[in-house]
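Convention: sequence-line order gives letters A, B, ...; per-chain numbering from 1.
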Amino acid sequence: MSEEKSLNFIEEIVENDLNSGKYETLVTRFPPEPNGYLHIGHAKAICLNFGLTQKYGGYTNLRFDDTNPVTEKTEYVNSQQEDIRWLGFDWKNELYASDYFDELYGFAVKLIEKGLAYVDESSADEIAALKGTPTEPGQDSPYRNRSVEENLAIFTKMKNGEFADGAYILRAKIDMASPNMLMRDPIIYRIKHAEHHRTGNKWCIYPMYDFAHGQSDSIENITHSICTLEYVSHRELYDWFIEKLEIFPSKQYEFARLNLTSTVMSKRKLLQLVNEKLVTGWDDPRMPTISGLRRRGFTPKSIREFCERIGIAKRENLIELSLLEFCIREDLNKTANRVMAVLDPIKLVITNYDKGSEELIGENNPEAEDGGGTRVIPFSNELWIEREDFMEVPAKKWFRLAPGAMVRLKFAYIVKCEDFVKDENGNITEIRCTYIPESKSGSDTSGINVKGTIHWVSAAHAKTAEIRLYDRLFTSETPDAEEGDFKDYLNPESLTVLPNAYIEPALADADLDGRYQFIRKGYFCLDKDSTADKLVFNRTVTLKDTFKKPN
RNA sequence: UGUCCGAUAGUAUAAGGGUAGUACAACGGUUUUUGGUACCGUUUGUCUUGGUUCGAAUCCAGGUCGGACAACCA
């Protein structure tokens, strides 16, 4: 047990339970409903549940909470499994709440037999009307005191498909005056003539969340059932069912869910973005989904590190996006090879370079643990450089190119700007330089020191690529909290496509697993939209930029 | 005018009656063939009012503020 780092409150509970001998083996579960793609908030829960059993022994189950057939799909089951594996976790058992439908049905019968559940034929509106409000007690349903025999008979008919949806429901008989609304005779089974993604048409009644989750935990001998804060008030019911059913006493603990600035996290809202085509899909690189982050270029390690750093507590929180960015930069800085790409090109001509071309050596990654190796970069008298690296009238503290100014071309020579060309509209079209032959990178004998180093690509050797730049999805840090529709706060500049950027030839071999630092521009990865003749790169994140822009 | 949960720098998270610490962010500096990285430094905090105590972020009471709860969703 680590003493270095302080424990979060759940680790404390687990350590106490293990040390006191309350449990011999820690068993947790990650229980998504397969009704959407997993997002970074799920990653927090995944890291917590799987992390606990990695640290303390025991195991974690993956259990799909598939009790509502109308929203659930096998597509989601598959994507969720892929995302969990990609994050680097593996479950002991792959389980489904639907595996327990027979057992759950038996639990319902047992409750009826104990006089603790009854069939109600009130309409949804009637039930709501008798439910009371948080400040007023509810009233008993007229059907509350049906006999056990009658309840059993009707419940059997419900199961046998003799009734239409909504005609009857099964309710637990608890206390209509409870201060906890969830204890006011909660509905535990409803009729739904719908095809289930796994059980097909075997069932036409399905258990509600509260009558499936805790029981499933219990069946699996889950020792610590960890969920988010909105389930706090469900805990009383969770315990009530376990007590009345006399089954394994799993215990529920709640932590605060993750909120991230400038994005939304609810599956409902993410689904809206997908359905209304405001993003290209669940894996759009702007989405906070695991698949979106993966496509954007985030690594599993960076996401695990992020989840570690945000901590686990019970206080509502809003994490700044900058922490996620820090985590991915920290990882990529050590692993991504440095290459050169010019996103917004302008021509640079070296007037005194008459060798034709030559091959220079580039260091792949000075930060890599193994040294990174080197590669060949072609150089010639006509280059593409970044338009923003030249200023006709230089600002104060300008290190880059300007009339008369010198900069180093990364991995190459020092050049001096002698002239520039403008078109009839006054736009600069070409920069003309001379180079200093003795200043070659690695064997510089010129004695000249320059402040600025810029990246470049040889025009004759460059390949073109499409580059997609991403920014935060919403202009508001808290789109959920704004007035009106959250979609009104979508950032119109969340995606910028540069169809014709120039990349160095070595990048033509890029593959989908590669991570690259485009020197001075950020971290990039190949997008799956790439074809043999058209490479597409996604910007994962910019480099940290401490340069104060003039003006 | 209910019940439950919570409140520590800008954002998170520690300190479990005894020095308020860490990270990110921000700001400044050193190094640098990336205005990157690395390294160093600076700024900023216990919601409030009482109480218990030699001593309170921590325990107690009241208040304030924020969140959850009235789906045949999970």
Side-chain angles (χ1 to χ4, degrees), chain A residues 5-8 12 31-33 35 65-68 70-72 97 120 123-124 127-129 131-138 165-171 178-184 186-192 205-206 208-210 212-213 227-236 254 256 261 267-268 306 309-327 329-330 333-334 338 340 363 366-367 397-400 407-412 414 439 441-442 444 449-455 477 517-522 542-549:
Chain A
K5 203 168 171 293
S6 55
L7 304 176
N8 65 51
E12 284 183 16
E33 184 190 12
N35 68 344
D65 221 338
D66 55 350
T67 57
N68 185 3
V70 303
T71 58
E72 296 152 7
D120 198 329
S123 69
I127 289 175
K131 192 116 193 184
T133 69
T135 55
E136 297 164 301
D165 289 6
Y168 292 89
I169 46 104
L170 185 69
R171 303 178 73 176
S178 170
N180 183 349
M181 298 288 291
L182 286 161
M183 299 299 278
R184 318 241 264 226
I187 293 167
I188 58 179
Y189 258 97
R190 76 286 214 194
I191 301 171
K192 255 184 209 279
I205 57 171
Y206 293 93
M208 298 288 289
Y209 166 84
D210 286 304
H213 200 101
C227 59
T228 47
L229 246 29
E230 62 267 33
Y231 291 96
V232 168
S233 54
H234 291 250
R235 189 175 61 235
E236 189 179 358
E254 311 87 11
T261 56
K267 268 195 225 167
R268 200 192 100 245
F306 173 74
R309 283 171 179 265
I310 58 180
I312 300 292
K314 298 184 79 158
R315 164 163 54 140
E316 306 278 345
N317 60 77
L318 178 63
I319 309 285
E320 292 173 348
L321 205 55
S322 58
L323 182 60
L324 219 207
E325 293 181 339
F326 169 82
C327 291
R329 285 190 189 114
E330 183 190 41
N333 175 50
K334 296 195 185 74
R338 273 59 173 168
M340 295 197 288
E363 198 178 16
E367 308 296 332
K397 290 200 179 173
W398 180 254
F399 298 171
R400 287 117 92 157
V407 294
R408 174 172 294 281
L409 298 170
K410 181 77 179 172
F411 304 127
I414 292 174
S439 66
S441 188
D444 186 346
N449 265 324
V450 292
K451 209 76 189 277
T453 299
I454 63 172
H455 60 282
E477 288 212 329
Q517 186 196 98
F518 289 4
I519 291 176
R520 301 206 305 135
K521 299 308 304 180
T542 60
L543 256 28
K544 195 175 167 192
D545 187 6
T546 54
F547 172 57
K548 314 264 178 311
K549 297 256 171 356

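Across all strands shown, A/Asp210 has no heavy atoms under 4.0 Å from either base or sugar-phosphate atoms. Residue contacts shown for A/Phe411 include a base, since a base heavy atom lies under 4.0 Å away. Among the heavy atoms of the strands, none lies under 4.0 Å from A/Leu409. Residue A/Ile414 is classed as having no contact, given no heavy-atom separation below 4.0 Å to the nucleic acid. Within 4.0 Å (heavy atoms only), A/Glu236 reaches no atom of the nucleic acid at all. Among the heavy atoms of the strands lying under 4.0 Å from A/Ile169 is at least one base atom, whether or not backbone atoms are also near. Heavy atoms of A/Thr261 sit nowhere under 4.0 angstrom from any nucleic acid atom. A/Asn180 comes within 4.0 angstrom of nothing in the nucleic acid, heavy atoms only. Among the heavy atoms of the strands lying under 4.0 Å from A/Tyr231 is at least one base atom, whether or not backbone atoms are also near. Note on A/Leu229: nothing from the nucleic acid sits closer than 4.0 angstrom, heavy atoms only. A/Ala313 comes within 4.0 angstrom of sugar-phosphate atoms only, judged by non-hydrogen atoms across all strands, and of no base. Base contact: A/Ser441 has a heavy atom under 4.0 Å from a base atom. Within 4.0 Å (heavy atoms only), A/Gly442 reaches at least one base atom of the nucleic acid. Within 4.0 Å of A/Phe399, counting heavy atoms only, lies at least one base atom of the nucleic acid.
Taking atom C1' in both B/G51 and B/A12, the straight-line distance is 32 Å, to the nearest Å. B/G29 and B/U13 have their C1' atoms separated by 28 Å, given to the nearest Å. One C1' atom belongs to B/U1, the other to B/A9, and the distance between them is 35 Å to the nearest Å. The separation of B/A25 from B/U43, taken at their C1' atoms, amounts to 12 Å, rounded to a whole angstrom. Between the C1' atoms of B/C47 and B/U34, the separation comes to 46 Å (whole Å).
Taking 3.5 Å as the limit, the base of B/U33 and the side chain of A/Arg408 contain a donor-acceptor pair of atoms between them. At a cut-off of 3.5 angstrom, the base of B/G10 holds at least one donor-acceptor pair with the side chain of A/Glu320. Counting distance only, with no hydrogens placed and no angle test, the side-chain atoms of A/Arg329 and the base atoms of B/G36 include no donor-acceptor pair under 3.5 Å. The base of B/A68 does not come close enough to the side chain of A/His234 for any donor and acceptor atom to sit less than 3.5 Å apart.
Remark: P of B/U34 and CZ of A/Arg338 are 11 Å apart, rounded to the nearest angstrom. One atom, CD of A/Glu367, and another, P of B/C39, lie 10 Å apart when rounded to the nearest Å. Rounded to an integer number of Å, the gap from A/Lys267 NZ to B/A74 C1' is 8 Å. Distance, A/Asn68 CG to B/C73 P: 6 Å, rounded to whole Å. A straight line from CD1 of A/Ile319 to C1' of B/A12 spans 5 Å, rounded to a whole angstrom. Regarding A/Glu230, its CD atom lies at a distance of 15 Å from the P atom of B/G6, rounded to whole Å. Straight-line distance from the CE atom of A/Met183 to the P atom of B/U3: 17 Å, rounded to whole Å. Rounded to an integer number of Å, the gap from A/Ile310 CD1 to B/A12 P is 11 Å.
Summarising the base pairing, B/G63 is matched to B/C47 through a Watson-Crick or G-U wobble pair whose two defining distances lie under 3.5 Å. Using N1 to N3 plus N6-O4 or O6-N4 for Watson-Crick, or N1-O2 and O6-N3 for G-U wobble, each under 3.5 Å, B/U34 pairs with nothing. Searching all strands for a Watson-Crick or G-U wobble partner of B/U19 with both distances below 3.5 Å returns nothing. Base pairing annotation: B/C69 forms a Watson-Crick or G-U wobble pair with B/G2, both donor-acceptor distances under 3.5 Å. When Watson-Crick and G-U wobble pairs are counted only if both distances are under 3.5 Å, B/G41 pairs with B/C27.
Checked against B/A14, B/G36, B/C73, the side chain of A/Lys192 finds its nearest nucleotide in B/C73. Comparing atom distances between the A/Arg520 side chain and each of B/U34, B/G36, B/C69 picks out B/U34 as nearest. Listed nucleotides B/U33, B/G35, B/C69 differ in distance to A/Pro134; the shortest reach to its side chain belongs to B/C69. Here B/A25 is the nucleotide among B/G36, B/A25, B/A14 with the atom lying nearest to any side-chain atom of A/Phe326. With B/A74, B/C69, B/U34 as the choices, the nucleotide that has an atom nearest any side-chain atom of A/Leu543 turns out to be B/U34. The nucleotide whose nearest atom lies closest to any side-chain atom of A/Thr453 is, among B/U33, B/A70, B/A25, B/U33. For A/Ser322, taking side-chain heavy atoms from C-beta onward, the closest of the listed nucleotides B/C72, B/C24, B/U34 is B/C24. Looking at the side chain of A/Asp65, the nearest of the listed nucleotides B/A74, B/A25, B/U34 is B/A74. Comparing B/U13, B/A12, B/U34 by their nearest atom to the side chain of A/Leu318 picks out B/A12. Distances were taken from every side-chain heavy atom of A/Val232 (C-beta onward) to each of B/U34, B/G2, B/C5; the shortest belongs to B/C5.
Ring-plane geometry between A/His234 and A/Tyr209 is classed as perpendicular, the angle between the planes exceeding 60 degrees on a 0 to 90 degree scale with a lower cut at 30.
Phosphate contact (OP1/OP2 of B/C69, side-chain N/O of A/Lys131, threshold under 4.0 Å): absent. Taking only side-chain nitrogens and oxygens, A/Thr133 never comes nearer than 4.0 Å to OP1 or OP2 of B/G2. The phosphate of B/A70 has neither OP1 nor OP2 within less than 4.0 Å of any side-chain N or O from A/Arg184. Contact between the side-chain N/O atoms of A/Arg190 and the OP1/OP2 oxygens of B/A74 is found at a separation under 4.0 Å.
Here the rule is side chain to side chain donor-acceptor pair (under 3.5 Å) with A/Arg408, and of A/Asn449, A/Thr453, A/Asp444 only A/Asp444 fits it.
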>> Using the rule given for side-chain contact (heavy atoms from CB on, under 4.5 Å), can you reason through A/Met181 versus A/Ser233, listing the C-alpha separation, both sets of side-chain angles and the distance that settles it, and then say yes or no?
In response: CA-CA 9 Å; A/Met181 298 288 291; A/Ser233 54; over 6 Å; no
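A 4.5 Å side-chain heavy-atom check between A/Arg190 and A/Asp165 finds every atom pair outside the cut-off. Between A/His455 and A/Lys521, some side-chain heavy-atom pair lies under the 4.5 Å cut-off.
Figure legend: A/Arg400 and A/Phe547 shown as a cation-pi pair, the cationic atom lying under 6.0 angstrom from the six-membered ring centre and within 45 degrees of its axis.
Other residues, nucleotides and ligands place no more than 12 heavy atoms under 6.0 Å from the CD atom of A/Glu477.
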